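Have a look at the structure below, then the notes.
Just so it is clear, the structure is predicted and the values come from calculations on it, not from any experiment. Numbering of ligands and ligand atoms starts at 1, following listing order.
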Amino acid sequence: MQHTSSFSGRNTLILPQRQPAAFSTGRRPPQQTIGVQKRTRSQAVETPPQIVETASDQEVMIRRRAPDGIPQQPCGAMRFEVPETEDNKPRNILEEIVWWKAQEMVRMKEKEPLARLSMQIKVAAPSRDFIGALRAANERIGKPGLIAEVKKASPSRGVIQPDFDPVRIAKAYEAGGAACLSVLTDAKYFQGSFDYLAQIRAAGVATPLLCKEFIVEAYQLFKARASGADAVLLIAAVLPNSDLAYLIKAANKCGLQVLVEVHTIAELERVLKLDMDSSQVMLGINNRDLQTFKVDIENNRRIMESSAGQQVKERGFLMAGESGIFTPEHVAFVQSTGCDAILVGESLVKEGNPEAAVKKLLSLA
Ligand SMILES: O=P(O)(O)OC[C@@H](O)[C@@H](O)c1c[nH]c2ccccc12
């Protein structure tokens, strides 16, 4: 594909549209396989070996990148622009968020290079045992270990808590009996911030912290760890197994545990093919479809009753039920499916008294 470039305006480089894509889904042709094609003797040596990407990105339902390139991309004093086409628009919110991350990443790296984060990590306080804290709470109270989420807003609900003070909420969750906290760091869609993680940690909150971010590259792991996180979320709907394997390894190397989130049985089956250590990696079932926002708590039962769900138990992975958990009955239901942890945001954060809300949810009051 040939691209010529032209300048328009002072600082904008317009990239012309590409030719119509053979595969407008952004996926690879199905006949392609991983690796380098074998050559038979009769084939001429000049035939270049076909370097092929991947069967694995066909497991992911969203397109990781805009097929024509990111519509606008900063580049120093310049800005690249690709003309808008239908094909180059995100098809759902998850795609939109993930495509935005690529642009956000460029800005973040300009502001705070990886080398600086890496230095901060070297002198950071040791991380805490996120998974261990959930297991301990589960044993102590006989209820699922609670990951309480510090969440101001979401694309589906808008602003959930207008009077949002992340440190106050975090301390209240801790006092109420949450085993761990989740802190949303995505700024554009969830009005979160990496600074909230740092502020909560600096305020002396002792419960382990999950960085709730749409992670697509290792830079974000460094940022999470430098901000005081003990664990990170990796979303199977976004990441093929090759990326999951790499990011899990990289996270564990920086001292971060991982929550791998699935939404379907197929995603869980795929994720279970990864080599994972159950003391460093836990799993979660998101009952909210991130592409449509539909919440269905029954999803939890369907997945845990599947043979993949059985395997989770047999292999000793801690499983969290996530999203749409509002009442003690919901907690009991999710626990009955085999989850020993829960991740709850909206129902707690919208309460004026989050400490009482935690106690009520876990029936500890
Ligand atoms: O507010 P809820 O319905 O209790 O949901 C919390 C949490 O599960 C949800 O925020 C979440 C789960 N997975 C995510 C991935 C990205 C952003 C957000 C999420």
Side-chain angles (χ1 to χ4, degrees), residues 60-62 92-98 100-101 104 134 144-161 164 166 169-170 173 178 180-194 196-197 209-216 220 224 229 231-239 244 247 258-264 267-268 271 282-300 303 319-331 333-334 339 341-351 354 357-358 360-362:
V60 173
M61 298 309 288
I62 64 149
N92 56 52
I93 184 72
L94 191 54
E95 273 193 358
E96 186 183 327
I97 295 172
V98 167
W100 167 250
K101 286 292 149 192
E104 194 181 69
L134 289 168
L146 171 64
I147 310 166
E149 187 153 280
V150 179
K151 178 182 198 178
K152 178 175 181 185
S154 74
S156 59
R157 300 282 195 217
V159 174
I160 302 165
Q161 178 51 274
F164 182 74
I169 294 169
Y173 283 163
C180 292
L181 307 182
S182 160
V183 181
L184 269 153
T185 54
D186 173 80
K188 184 169 162 136
Y189 298 91
F190 290 83
Q191 299 190 34
S193 168
F194 282 99
Y196 296 161
L197 269 174
L209 305 178
L210 173 75
C211 171
K212 198 69 168 318
E213 179 54 76
F214 295 83
I215 289 181
V216 288
Q220 294 159 294
V232 286
L233 177 78
L234 297 177
I235 303 174
V238 171
L239 301 162
L244 283 173
L247 289 168
V258 175
L259 194 174
V260 180
E261 175 181 296
V262 302
H263 175 64
T264 63
E267 278 175 5
L268 180 58
V271 161
M282 65 176 286
L283 304 172
I285 296 171
N286 194 355
N287 294 315
R288 180 178 290 110
D289 183 332
L290 288 175
Q291 298 182 56
T292 62
F293 290 143
K294 241 188 87 200
V295 178
D296 177 10
I297 198 170
E298 267 293 309
N299 193 42
N300 225 119
I303 294 184
M319 176 64 98
E322 307 175 10
S323 304
I325 299 170
F326 281 81
T327 64
E329 290 71 36
H330 289 156
V331 176
F333 171 75
V334 169
C339 292
I342 47 172
L343 174 46
V344 186
E346 184 182 340
S347 70
L348 300 174
V349 88
K350 72 178 184 192
E351 294 292 327
V358 166
K360 200 165 126 204
L361 188 71
L362 296 177

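- Protein heavy atom closest to atom 6 (C) of ligand 1, with residue, atom name and distance, is Glu149 OE2, 3.5 Å.
- Within the 4.5 Å cutoff, no side-chain heavy atoms of Ile147 are placed close to those of Leu181.
- For atom 13 (N) of ligand 1, the nearest protein heavy atom (residue, atom name, distance) is Glu261 OE1, 2.6 Å.
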Q) Given Leu197 and Phe194, is the side chain to side chain contact (heavy atoms under 4.5 Å, CB included) satisfied, shown in steps? A) CA-CA 5 Å; Leu197 269 174; Phe194 282 99; 4.2 Å; yes
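- At least one heavy atom of Leu233 sits under 4.0 Å from some atom of ligand 1.
- Using a 4.5 Å cut-off on side-chain heavy atoms (C-beta onward), Val258 and Met282 make no contact.
- Every atom of ligand 1 with a heavy atom of Asn286 under 4.0 Å away is listed here by number and element: 12 (C), 13 (N), 14 (C).
- Set against the non-hydrogen atoms of Gly345, the atoms of ligand 1 under 4.0 Å away are 1 (O), 2 (P), 4 (O), 6 (C).
- Between Asp289 and Val295, the closest side-chain pair of non-hydrogen atoms is not below 4.5 Å.
- Residues passing the side-chain contact (heavy atoms from CB on, under 4.5 Å) test with Gln191, sequence neighbours excluded: Lys152, Ala153, Val159.
- In this structure, the protein non-hydrogen atom closest to atom 8 (O) of ligand 1 is Ser323 OG, 2.7 Å.
- Each of Glu267, Glu261, His263 was checked for a side chain to side chain donor-acceptor pair (under 3.5 Å) with Asn286, and the lone residue meeting it is Glu261.
- Below 4.0 Å from some heavy atom of Val344 lie the following atoms of ligand 1, by number and element: 4 (O).
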Q. So Lys294 and Arg288, side chain to side chain contact (heavy atoms under 4.5 Å, CB included) or not? Walk me through it.
A. CA-CA 5 Å; Lys294 241 188 87 200; Arg288 180 178 290 110; over 6 Å; no
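- Salt bridge Lys151/Glu346: absent, no basic N to carboxylate O contact under 4.0 Å.
- Counting only heavy atoms of the protein, atom 16 (C) of ligand 1 lies nearest to Phe214 CZ, 3.3 Å.
- When only interatomic distances are considered, the shortest N/O to N/O separation between Gly324 and ligand 1 falls below 3.5 Å.
- The contact set between ligand 1 and Glu346, taken as ligand atoms under 4.0 Å from a residue heavy atom, comprises 1 (O), 2 (P), 4 (O).
- The option with the heavy atom closest to atom 3 (O) of ligand 1, from among His330, Lys350, Arg288, is Arg288.
- Counting the atoms of ligand 1 from 1 in the order shown, those under 4.0 Å from a heavy atom of Lys151 are 1 (O), 2 (P), 5 (O), 6 (C), 9 (C), 10 (O).
- For the pair Phe326 and ligand 1, no heavy-atom separation below 4.0 Å is found.
- At a threshold of 4.0 Å, the pair Glu213-Lys101 counts as salt-bridged, since one of the basic side-chain nitrogens sits closer than that to a carboxylate oxygen.
- Contact annotation: the side chain of Glu149 approaches that of Leu184 to within less than 4.5 Å [non-hydrogen atoms, C-beta and beyond].
- Each of the following atoms of ligand 1 lies closer than 4.0 Å to a heavy atom of Glu322: 8 (O), 12 (C), 13 (N).
- The protein heavy-atom contact nearest to atom 17 (C) of ligand 1 is Phe190 CZ, 3.5 Å.
- For atom 19 (C) of ligand 1, the closest non-hydrogen atom on the protein side is Lys212 NZ, 3.0 Å.
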